[in-house]
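Every chain is numbered from 1, with letters handed out A, B, ... down the list of sequences. This one's a predicted model, so the numbers in the text were calculated from it and none came from an experiment.
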Number of protein chains: 2
Amino acid sequence: MANKTAPDSPPGSAGGTPTRRRSERSRRAILDASLALVGEVGYDKLTIEGIASRAGVGKQTIYRWWPSKAAVLLDAFTADVDEYSAQGLPDTGDLAADLKLVLRATADEFNDPAFQAPYRALAVAGANDAELSRAFVDRLLEPGIRVYVDRLRAAQEAGEVAADVDTRVAAEMLLSPFSQRWLMRTGELTYDYVDTLVDLVLRGLRPGS
Amino acid sequence: MANKTAPDSPPGSAGGTPTRRRSERSRRAILDASLALVGEVGYDKLTIEGIASRAGVGKQTIYRWWPSKAAVLLDAFTADVDEYSAQGLPDTGDLAADLKLVLRATADEFNDPAFQAPYRALAVAGANDAELSRAFVDRLLEPGIRVYVDRLRAAQEAGEVAADVDTRVAAEMLLSPFSQRWLMRTGELTYDYVDTLVDLVLRGLRPGS
DNA sequence: ACGGGGAGGCGAGACGTATCGTCTTGACAA
DNA sequence: TTGTCAAGACGATACGTCTCGCCTCCCCGT
């Protein structure tokens, strides 16, 4: 049950135990197939057998390395995404402009159908599986939030944001309405909405407010 | 496909077509059984056959009136909840106090295991089923948001909130971080958190800020 | 006013299909 | 020699459809 959502590394890495012989070719084929299939048929109709067949792989090869289709999808999705958050947010000295720029780009990304299916599926699968939820949060959600917290902290040190503001809560005020809107489909993610949200959040962060 | 999540009313009401004969007894038994079972085994392992068996009902009776287990659950859950949002938020003239009071109570509710399972299941099922999502939003989410928008509007008219504030976005800034935290398990819903959130949101709403 | 017929919902469960997760086989690579 | 690989057989489970009598209510003819 350990490593439930983080299978052993591919051959070449050196774990505590001797590296197991694993086909990198099969691993990539499985990840690619799962991403392609979830876009075509949706998460509910995504099956292990379907992934295996599409990847030209035996079912056992999937069951050997992953505990569930959600874990496969999380791996597949993480690989494509995690270099994005490594670079941090831009800092031009104008907090509002920086936030609007990045959130507008994020809105475009969230409106991209290729992105929607797997991300929705993961968000959703996590809600009913606490263990997967933790992996999803740790590997995708938290890193995304942290870059905003860092940017807010920088603005705080520059005097652009009041010193007594809880930057974590402020980041949530910015990001949660955004992702909630998208996840629950309570509204469109337009540039107008992003701008309104950023402006209203920042009103409460200004020094002396 | 019409009425996908809103089956015909029980006998006695008069629809456009002649009222169908439907057992109210079976309807209640199905709703009760689905709520009980989702709490016991979780959403993934909730099956139509299980509900039918628990309710002492034929499978066909469920398939006749609902399109999916999610639709059953939505009906079951809605029945218990919708009188709650009918009464609106308190208005003592102190917006911060009113919001904290209600959100603290909501936090208690969200921390109640009996509430968690079905609500999580619905939020989650909706993300992968656009039609169910709409029903979930219309019948549960939107009414909940609206009472906050109304309360904010009242505060706006009382001069407690700046006139140019978009009350809808403001309500989302308050509620989305809250529900996001709970849904994704990114943090605890404590009274402290609620208070911090309310205070920070309201900082941006004050006139002249 | 009433009583018989018929239409339709009802509980029960059989049915074929799909996918599950496990297990076995023989080839192949380290 | 040892462990992974592709392929697929296997029993179990739940799906959604269907058929069966039973029962209840509504309507119509008397």
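Side-chain atoms of B/Arg181 do not come within 3.5 Å of backbone N or O of A/Glu172 as any donor-acceptor pair. Remark: the backbone N or O of A/Glu49 is not paired with any side-chain donor or acceptor of A/Ser53 at under 3.5 angstrom.
A straight line from CZ of B/Arg28 to P of C/dC10 spans 15 Å, rounded to a whole angstrom. Across the protein-nucleic acid pair, A/Lys45 atom NZ and D/dG16 atom P stand 10 Å apart, rounded to whole Å. As rounded to whole Å, 18 Å separates atom C1' of D/dC15 from atom CH2 of B/Trp66. When rounded to the nearest whole Å, the span between CD1 of A/Ile62 and C1' of D/dG8 equals 14 Å. In this structure, the CG atom of B/Asp44 is 17 Å from the P atom of C/dT19, given to the nearest Å. A/Arg54 places its CZ atom 16 Å from the P atom of D/dA6, with the value rounded to the nearest Å. When rounded to the nearest whole Å, the span between CD1 of A/Ile51 and C1' of C/dT19 equals 12 Å. The OH-C1' distance, from B/Tyr43 to D/dA14, rounds to 14 Å in whole Å.
Counted within 6.0 Å of CZ on A/Arg25, heavy atoms from surrounding residues, nucleotides or ligands total 12 or fewer; the atom is thus considered open. For B/Glu188, the CD atom counts as loosely surrounded, since its 6.0 Å shell holds 12 or fewer non-hydrogen atoms of other residues, nucleotides or ligands.
Here A/Gly56 lies in heavy-atom contact (under 4.0 Å) with sugar-phosphate atoms only.
Ring orientation note: the planes of A/Phe178 and A/Phe110 are nearly perpendicular, at an angle over 60° on the 30°/60° scale.
Between A/Thr47 and C/dT19 there is no side-chain polar atom (N or O) within less than 4.0 angstrom of OP1 or OP2. Look at A/Arg64 and you'll find a side-chain N or O under 4.0 angstrom from OP1 or OP2 of D/dC5. The side chain of A/Ser26 places an N or O atom within less than 4.0 Å of a non-bridging phosphate oxygen (OP1 or OP2) of D/dA6. One finds a side-chain N or O of A/Trp65 lying less than 4.0 angstrom from the OP1 or OP2 phosphate oxygen of D/dC5. Listed pair B/Thr61 / C/dG9 fails the phosphate criterion, with no side-chain N or O lying under 4.0 Å from OP1 or OP2.
Residue whose closest nucleotide on DNA chain D sits further toward the 5' end, between B/Lys59 and A/Ala55: A/Ala55. Residues A/Ile48 and A/Gln60 both approach DNA chain C. Their nearest nucleotides, taken by heavy-atom distance, put A/Ile48 toward the 5′ side. Of the residues near DNA chain D, A/Glu49 and B/Tyr63, the one whose nearest nucleotide (by heavy atom distance) lies more toward the 5' end is A/Glu49.
Both tests hold for B/Lys69 against B/Tyr43: distance to the six-membered ring centre under 6.0 Å, angle to the ring axis within 45°. With A/Trp66 as the aromatic partner, A/Arg27 does not meet the cation-pi criteria of under 6.0 angstrom to the ring centre and within 45 degrees of the ring axis.
Between A/Arg54 and A/Asp32 there is no salt bridge, since none of the side-chain N atoms of the basic residue sits less than 4.0 Å from a carboxylate O of the acidic one. Look at A/Arg134 and A/Asp129 and you find no salt bridge, because none of the NZ, NE, NH1 or NH2 atoms lies under 4.0 Å from a carboxylate O.
A heavy atom closer than 4.0 Å to some atom of DNA chain D occurs in no member of residues 30-39 of chain B.
Judged by distance alone, with hydrogens and angles left aside, B/Arg21 brings a side-chain donor or acceptor within reach of the base of D/dT24, the pair sitting under 3.5 Å.
Atom OG in A/Ser179 sits 9.5 Å away from atom CE in A/Met184 (nearest 0.5 Å).
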> Reading DNA chain C 5' to 3', how would its secondary structure be written in dot-bracket notation, given Watson-Crick and G-U pairs with both distances under 3.5 Å, brackets [ ] for crossing pairs and | for partners on other strands?
Replying inline: ||||||||||||||||||||||||||||||
